[in-house]
Amino acid sequence: MVGVGYVGLSTAVCVATKFPTVALDVNESRVSSLNAGETPIHEKGLQPLLARGLAAKRLLFSSEAEGMVGADVIFMAVGTPSGADGSIDLSQVRSACATVGDAIRRSKSKPLVLLKSTTVPGTARDVVKRLLEKSSAKECGTGFGLCSNPEFLREGTAIRDTLSPDRVVLGPFDGLSLRLARTFYRRFYGKTIPQILVTSPEGAELVKYGSNAMLATRVSFINLISRLCELYPGTDVEDVARGIGMDHRIGPHFLQAGPGFGGSCFPKDVKAFRRSMSDSGLNSSILESILETNDAQPLHVAELAERAAGSLQGKEVAVLGLAFKADTDDVRESRSIPLVERLLERGGNVRVYDPVAMPNAKAALASRVVYSPSARDCLRGADVAIVMTAWRQFRRLRPSDYLGLMRSPVLVDARRIYDPRIFGRKLKYVAVGRGTEDGAA
Ligand code: NAD
Ligand code: UGA
């Protein structure tokens with residue numbers, strides 16, 4: 001495994017349940033803490049599998065490429081972040097190709113390289129295959145195998161998604177690559193093998209971008225509808241989404257209105273896909289709109305708070321939730337960051353709390369906000385509270401908690417986790433996507 005971030009680490013601990021696994025990363029402190037059994041990320045089910053792999057000596061972390069020589073299968077799971085202009089930054093992929101290619105050159109067998117990193121169409125062929133052939137001095141199809149093999153796991157359920165995915169998508173370059181990939185997945189999954197789709201390398205890359213863009217579209221679409229719902233008293237986006245999703249051609253998933261999509265993937269992948277489309281001379285305005293709607297949504301949440309409180313100038317504003325969604329410590333592109341920035345611009349004094357994402361959030365928000373040790377501390381003396389992440393512990397808060405702790409209880413529920421019939425009666429309660437008498441949008 002090359003790269004032990006969210007994808008590489010989750011995949012490595014699962015693969016190690018079946019095969020001896022060496023996982024490489026250029027981040028040496030990450031490697032040593034992993035070898036000591038400490039997980040650098042918050043991911044359900046990861047810790048026990050890590051401990052099991054290390055104890056059985058089936059899993060080893062290293063920053064030395066030596067461990068890759070002689071491997072049968074090499075996963076590439078390095079990051080593909082957004083460059084400054086929104087295009088894909090392939091620097092990690094390029095450096096990983098040099099290391100992997102060198103290991104292939106020194107291997108006596110014919111290893112299979114599975115490209116898990118998300119790459120825009122054409123990258124597997126024009127960059128990965130070319131660089132691997134150059135640095136290994138071997139030819140793909142005879143000296144080694146290569147498949148584009150995109151990853152669809154979600155943070156928070158990464159282990160479950162790896163052990164039972166909806167599908168495996170393979171974009172092999174040749175017959176050897178396909179044979180080796182099929183053999184690996186058959187042996188890894190045994191009787192529970194998921195459906196396998198075989199397509200071209202570019203087809204596999206497009207399945208990945210198409211999936212993320214489709215899911216992001218649904219989120220932006222329902223958020224747009226939720227803005228309309230806010231204009232009509234008695235109208236709730238949940239009813240509208242349920243009604244839309246009852247059509248079996250549409251289905252109910254990914255229609256939850258909220259503060260917009262965040263995370264390390266949807267925003268960067270939609271941007272890279274848009275860039276790749278426009279570079280190909282295609283009209284990418286559909287993707288442009290998805291991003292615009294998403295950028296507007298956290299600012300709209302700040303506006304809901306401002307309207308409910310009268311003004312934010314000098315007010316104490318409590319933000320509950322910094323992770324881009326519940327069950328992860330990842331704050332990359334979290335909607336809480338632009339929300340906090342807007343609240344500060346409007347003169348609010350912002351305090352924040354998240355059960356696991358505070359250390360990561362500190363890098364983004366620095367000393368501009370106060371970090372509270374608990375949700376209750378965050379709420380104590382606040383004038384406005386905004387729920388940005390649907391953590392279970394926030395769901396458990398009752399109206400009496402808000403009433404008892406806050407100075408003037410104004411609650412903005414950007415995740416729609418509370419029952420309006422209970423919360424609306426007791427405090428000034430505003431939720432995204434719910435029409436009120438004064439027309440919230
Ligand atoms: P990440 O940034 O968390 O991890 C990448 C890791 O690779 C880092 O630990 C980094 O130190 C390491 N690395 C960089 N260059 C290296 C090199 N040359 N050799 C060895 N290690 C190197 O990234 P991630 O979130 O795990 O995502 C990895 C890829 O998978 C991306 O392309 C992403 O789009 C895709 N993906 C991510 C998710 C997700 O939920 N995070 C899901 C599906 C697909
Ligand atoms: C997403 C995809 O779901 C994975 O299949 C994919 O592998 C991954 O991106 C990736 O390529 O990295 P992830 O980013 O972990 O996974 O999180 P999601 O559960 O998809 O949520 C993304 C964002 O959309 C979150 O901010 C979430 O709160 C938001 N969302 C999701 C909504 O606002 N409404 C919804 O109905 C669903």
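Start at 1 and go down the list; that is how both ligands and their atoms are numbered. Side-chain atoms are counted along with the backbone in the values below, which use heavy atoms only and exclude waters and symmetry mates. In this chain, residues are counted from 1 in sequence order.
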Consider every N or O of [X] and every N or O of ligand 1, then say whether any pair is closer than 3.5 Å.
{"X": "Arg154", "result": "no"}
{"X": "Asn27", "result": "no"}
{"X": "Asp269", "result": "no"}
{"X": "Ser117", "result": "no"}
{"X": "Phe152", "result": "no"}

Between [X] and [Y], does at least one N-O distance fall below 4.0 Å, as a salt bridge requires?
{"X": "Arg154", "Y": "Asp161", "answer": "yes"}
{"X": "Arg130", "Y": "Asp126", "answer": "no"}
{"X": "Asp327", "Y": "Lys44", "answer": "no"}
{"X": "Arg342", "Y": "Glu303", "answer": "no"}
{"X": "Glu230", "Y": "Arg434", "answer": "no"}
{"X": "Glu66", "Y": "Arg106", "answer": "yes"}
{"X": "Arg274", "Y": "Glu288", "answer": "yes"}
{"X": "Asp102", "Y": "Arg105", "answer": "yes"}

Crowding at [atom1], [X] (>12 non-hydrogen neighbours, <6.0 Å):
{"X": "Arg58", "atom1": "CZ", "result": "yes"}
{"X": "Gln256", "atom1": "CD", "result": "no"}
{"X": "Lys110", "atom1": "NZ", "result": "no"}

Problem - Under 3.5 Å: N/O of Arg154 near N/O of ligand 2 - result: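 No: no nitrogen or oxygen of Arg154 is under 3.5 Å from one in ligand 2.
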Problem - N or O pair under 3.5 Å between Leu215 and ligand 2 - result: no
Handout entry: Aromatic centroids of Phe266 and Phe324 separated by under 6.0 Å
Key =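 No.
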Problem - Contact with ligand 2 for Arg335, non-hydrogen, under 4.0 angstrom - result: no
Practice task
Decide whether the shortest distance between a heavy atom of Gly258 and an atom of ligand 2 is less than 4.0 Å.
Solution key: no
Problem - Phe273 and its side-chain contact (heavy atoms from CB on, under 4.5 Å) partner, picked from Asn212, Leu287, Thr118, Ile290 - result: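 With Phe273 as partner, Asn212, Leu287, Thr118, Ile290 yield a single side-chain contact (heavy atoms from CB on, under 4.5 Å), made by Leu287.
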Exercise for the section: Just jot down the salt bridge (charged side-chain N to carboxylate O under 4.0 Å, His left out) partners of Asp330, sequence neighbours excluded, or say none. Expected result: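 In terms of salt bridge (charged side-chain N to carboxylate O under 4.0 Å, His left out), with neighbours along the sequence ignored, Asp330 is linked to Arg332.
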Which atoms of ligand 1 have any heavy atom of [X] under 4.0 Å away?
{"X": "Ala96", "answer": "18 (N)"}
{"X": "Ser264", "answer": "41 (N)"}
{"X": "Val2", "answer": "19 (N), 20 (C)"}

[atom]: the protein heavy-atom neighbour that sits closest, reported with distance to 0.1 Å:
{"atom": "atom 5 (C) of ligand 1", "result": "Gly79 N, 3.6 Å"}
{"atom": "atom 39 (C) of ligand 1", "result": "Glu155 OE2, 3.6 Å"}
{"atom": "atom 4 (O) of ligand 1", "result": "Gly5 CA, 3.1 Å"}
{"atom": "atom 16 (C) of ligand 1", "result": "Val78 CG1, 3.6 Å"}
{"atom": "atom 13 (P) of ligand 2", "result": "Lys325 NZ, 3.8 Å"}
{"atom": "atom 31 (C) of ligand 2", "result": "Phe254 CE2, 3.5 Å"}
{"atom": "atom 43 (C) of ligand 1", "result": "Glu151 O, 3.3 Å"}
{"atom": "atom 7 (O) of ligand 1", "result": "Gly3 CA, 3.4 Å"}

Practice task
Please state which part of Lys208 comes within less than 4.0 Å of ligand 2, counting heavy atoms only: side chain, backbone, both or neither.
Solution key: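 For Lys208, only side-chain atoms sit under 4.0 Å from ligand 2.
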Handout entry: Structural part of Gln297 in contact with ligand 2, heavy atom criterion under 4.0 angstrom
Key = neither
Look at [atom] and find which of [options] reaches it with the closest heavy atom.
{"atom": "atom 33 (O) of ligand 2", "options": "Asp327, Val219, Leu255, Ile222", "answer": "Val219"}
{"atom": "atom 23 (O) of ligand 1", "options": "Lys268, Gln92, Glu43, Arg332", "answer": "Arg332"}
{"atom": "atom 8 (C) of ligand 1", "options": "Thr80, Asn212, Asp25, Thr157", "answer": "Asp25"}
{"atom": "atom 8 (C) of ligand 2", "options": "Val432, Asp269, Leu153, Thr118", "answer": "Leu153"}
{"atom": "atom 35 (C) of ligand 1", "options": "Leu153, Asp330, Leu24, Thr118", "answer": "Thr118"}
{"atom": "atom 29 (C) of ligand 2", "options": "Phe261, Phe324, Tyr209, Phe266", "answer": "Phe261"}
{"atom": "atom 18 (N) of ligand 1", "options": "Ser95, Gly263, Gly156", "answer": "Ser95"}
{"atom": "atom 37 (C) of ligand 1", "options": "Val7, Leu90, Thr328", "answer": "Val7"}

List ligand 2 atoms under 4.0 Å from [X], heavy atoms only on the residue side.
{"X": "Glu151", "value": "7 (O)"}
{"X": "Glu155", "value": "15 (O)"}
{"X": "Gln256", "value": "32 (C), 33 (O), 34 (N), 35 (C), 36 (O)"}
{"X": "Arg415", "value": "28 (O), 33 (O)"}
{"X": "Cys265", "value": "9 (O), 10 (C), 11 (O), 12 (O)"}

Handout entry: side-chain contact (heavy atoms from CB on, under 4.5 Å) between Phe254 and Phe221, worked out
Key = CA-CA 10 Å; Phe254 270 72; Phe221 187 71; over 6 Å; no
Exercise for the section: Under the side-chain contact (heavy atoms from CB on, under 4.5 Å) rule, what do Leu112 and Leu146 come out as? Steps first, then yes or no, please. Expected result: CA-CA 6 Å; Leu112 167 69; Leu146 173 62; 5.9 Å; no
Handout entry: Within 45° cone and under 6.0 Å: Lys116 NZ/CZ vs Phe75 ring
Key = no
Problem - Quiz item: cation-pi between Arg187 and Phe19, 6.0 Å / 45° - result: no
Handout entry: Region of Pro81 that comes within reach of ligand 1 [heavy atoms, distance under 4.0 Å]
Key = neither
Exercise for the section: Examine ligand 1 and decide if any of its atoms is less than 4.0 Å from a heavy atom belonging to Val26. Expected result: yes
Exercise for the section: Please work out which of the three classes, parallel, tilted or perpendicular, describes the rings of Phe423 and Tyr429, given edges at 30° and 60°. Expected result: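 Aromatic pair Tyr429/Phe423 classed tilted.
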Practice task
Hey, can you tell me if Tyr185 and Phe188 have their rings parallel, tilted or perpendicular (30° and 60° cut-offs)?
Solution key: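 Judged by the thresholds at 30° and 60°, the geometry between Tyr185 and Phe188 is perpendicular.
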Exercise for the section: Would you check if there is a donor-acceptor pair between the side chains of His42 and Glu155 at a distance under 3.5 Å? Expected result: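 No - no donor-acceptor pair under 3.5 Å links their side chains.
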